[in-house]
Amino acid sequence: MEHRDVHISGAAWRRGQVLLLALAAVSWSACAAGYVTNQEQFHASYLVNFAYFLTIALGAAFFLTVWHVSGAAWNVTVRRLMENIAVTLPLMPLLFLPVVAGLPRLYEWARPEFFSDDPVLQVKMVFFNRTFFLARAAAYFLVWGVLAVGLYRISVADDRNGSEETVRKTVAWSAPGLALLMITVTMAAVDWLMSLEPHWYSTIFGVYIFAGGGLAFLAALIVTCLAFRRGGLLVEAIHVEHYHDLGRWLFALVVFWAYIGFSQYLLIWYANLPEETVWFRHRLEGGWGWVSASLLLGNFIIPFLLLIARAAKRSLPLLGSVSLLLLVMHYVDLHWVVMPTAGHHRFDLHWLDLATFAAVGSACGLVFWSRLKGRALIPIGDVRLSQALRHQTE
């Protein structure tokens, strides 16, 4: 493998940095203008896009820990890109501040008068109060940041002096990290998304959000790998056999997301309790019914049919196209979760949806891009690298 295949040139890195800085300047200025003119819309749009990029980063952390614990070797060549996506997690507390500023606009439970005549919600106030909410958020960010940075530093240090000890260290971090990740992500989904409608509850909602984030991360990873490949990088390091296995995982997560989504709907439909069915009713009125149908079509049926064949997973243009579709549908999914209960009972799109997407995305992109400067795009010190380069699917 040639040196240029695993290192981005200084000129290319600087061009990318300039583009991301320009996008950040324009988009955050637009967000500031939107905040001044329409705070309700700004906070709702921002929450969707904060959740979008956060769930992708959490998906990266999840797969990092799972693959470390399992001892998988085939994914070593894609692992550095996964680590660079996961290491955007320490930025998330800063990006969470606009959500904190918008608590009374986003969450009914953040307005004390809302609970005065509702005994059920008065009980929930023990959990949903500003102090406890922020304390839990701080705990989530601490767990995610320590896990992502810890695994990243171990991996980068291994580039200089790779050894079997590094593999044992990553497992030691990943095993408890995976358990903490499952707990904190589930709780964060309840806090930040499910509590938008405080009467409603679903015991499977956290898994639904986690599944969507894992699926979107795999799609983002495939698109990122293909983008580097198009630029002449990682052509030999990440070959069709790796894309085939990534396609297998993508197909599996498409099915899993659909299974969890259908299970949630079926249980609520069967029980037919008003405090549960109201959530789906809001997503069948005011034009949201078409969005619900598009999720079934675009996030399950089309990807399922396109990826089911072995040849499809080995076709890079097709795999890239399906991944782009799934990234779009992940945004649609989170828009569908947030907007019907954030003051937008009728489906519509606003320019702040795009502005906040570009703002949060450019901030995460700058962190991701900064990790590429002067560093290899693959973990060149990993003792399993040669095995990964020779990987063949069954």
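Note that the coordinates shown come from a computational prediction; the quantities given were computed from them, not determined experimentally.
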Quiz item: Relative to the ring of Tyr208, is the ring of Trp257 parallel (under 30°), tilted (30 to 60°) or perpendicular (over 60°)?
Solution: tilted

Exercise. Give, for atom NE2 of His199 and atom CD of Glu276, the distance between the pair rounded to the nearest 0.5 Å.
Key: 13.0 Å

Exercise. Establish whether Val235 and Val223 are linked, either directly or via other cluster members, by ILVMFWY side-chain heavy-atom contacts under 4.5 Å.
Key: no

Exercise. For the pair Arg79 and Asp382, find out whether any cationic side-chain nitrogen is under 4.0 Å from an anionic carboxylate oxygen.
Key: yes

Self-check item: ILVMFWY network linking Met329 to Ile308, side-chain heavy atoms under 4.5 angstrom
Solution: yes

Practice problem: Identify the heavy atoms of Trp28 and Ala359 that sit nearest to each other, and give their distance. | Solution: NE1-O, 3.1 Å

Exercise. Check whether any side-chain N or O of Asp158 sits under 3.5 Å from a backbone N or O of Ser163 as a donor-acceptor pair, and report yes or no.
Key: yes

Exercise. Over 60° means perpendicular and under 30° means parallel, so classify the ring planes of Tyr265 and Phe280, tilted if in between.
Key: perpendicular

Quiz item: Counting N and O atoms only, with roles assigned by atom type, does the side chain of His43 sit under 3.5 Å from a partner on the main chain of Leu103, one being a donor and the other an acceptor?
Solution: no

Exercise. Identify whether Phe132 and Val100 are in the same connected component of the hydrophobic contact network (ILVMFWY, side-chain heavy atoms under 4.5 Å).
Key: yes

Quiz item: Asn49 side chain to Ser45 main-chain N or O, any donor-acceptor pair under 3.5 Å?
Solution: yes

Quiz prompt | From Asp333 atom CG to Asn299 atom CG, the distance as rounded to the nearest 0.5 Å | solution = 6.0 Å

Self-check item: Pairing of Asp159 and Arg80 as salt bridge, 4.0 angstrom limit
Solution: yes

Quiz prompt | Ring-face cation contact, Trp336 with Arg283, 6.0 Å cut, 45° max | solution = yes

Practice problem: Check Asp348 against Asp353 and note the closest heavy-atom contact, atom names and distance. | Solution: O-OD2, 4.5 Å

Practice problem: Could you tell me whether the side chain of His7 reaches within less than 4.5 Å of the side chain of Arg375, counting heavy atoms only? | Solution: no

Quiz item: Which distance, rounded to the nearest 0.5 Å, do you find between the CD1 of Ile204 and the CD1 of Ile260?
Solution: 4.0 Å

Practice problem: With salt bridge (Lys or Arg N to Asp or Glu O under 4.0 Å) as the test, would you mind laying out the steps for Glu241 and Arg314 before giving the verdict? | Solution: CA-CA 7 Å; Glu241 304 297 335; Arg314 301 175 71 85; 2.8 Å; yes

Quiz item: Is there a donor-acceptor pair under 3.5 Å between the side chain of Ser315 and the backbone N or O of Ala312?
Solution: no

Exercise. Using a 4.5 Å cut-off on heavy atoms from C-beta on, say whether the side chain of Leu334 contacts that of Leu193.
Key: yes

Quiz item: Would Leu318 end up clustered with Leu305 when hydrophobic side chains under 4.5 Å apart are linked, directly or stepwise?
Solution: yes

Quiz item: Relative to each other, are the rings of Trp288 and His335 parallel, tilted or perpendicular (30° and 60° limits)?
Solution: tilted

Quiz item: Would Tyr35 and Tyr46 satisfy ring-ring contact (aromatic ring centres under 6.0 Å, His included), going step by step from the backbone distance to the final call?
Solution: CA-CA 10 Å; Tyr35 177 81; Tyr46 188 89; over 10 Å; no

Quiz prompt | Over-ring placement of Arg371 relative to Phe368, 6.0 Å and 45° cut-offs | solution = no

Quiz item: Do the ring planes of Trp144 and Tyr140 sit parallel (below 30°), tilted (30 to 60°) or perpendicular (above 60°)?
Solution: parallel

Exercise. For the residue pair His391 and Asn75, confirm or rule out a side-chain donor-acceptor distance under 3.5 Å.
Key: no

Self-check item: Side-chain touch Leu326/Leu253, heavy atoms, less than 4.5 angstrom
Solution: no

Self-check item: Side chain proximity check, Leu151 to Ser174, heavy atoms < 4.5 angstrom
Solution: yes

Quiz item: Where do Tyr243 and His239 land on the ring-ring contact (aromatic ring centres under 6.0 Å, His included) test, with the steps shown first?
Solution: CA-CA 7 Å; Tyr243 286 107; His239 47 74; 8.7 Å; no

Self-check item: Sub-6.0 Å ring centroid separation between Phe205 and Trp192
Solution: no

Practice problem: To the nearest 0.5 angstrom, please state how far the CG atom of Asn84 sits from the OG1 atom of Thr224. | Solution: 10.0 Å

Quiz item: With a cutoff of under 4.5 Å between side-chain heavy atoms, which Ile, Leu, Val, Met, Phe, Trp and Tyr residues group with Val383?
Solution: Val167

Practice problem: Count the heavy atoms belonging to other residues, nucleotides or ligands that lie under 6.0 Å from CH2 of Trp351, then report whether that count exceeds 12. | Solution: yes

Quiz prompt | Partner set under side chain to side chain donor-acceptor pair (under 3.5 Å) for Arg168, not counting sequence neighbours | solution = Glu165

Quiz item: Should the ring pair Trp109 and Phe133 be called parallel, tilted or perpendicular, given that the plane angle runs from 0 to 90° and is split at 30 and 60?
Solution: tilted

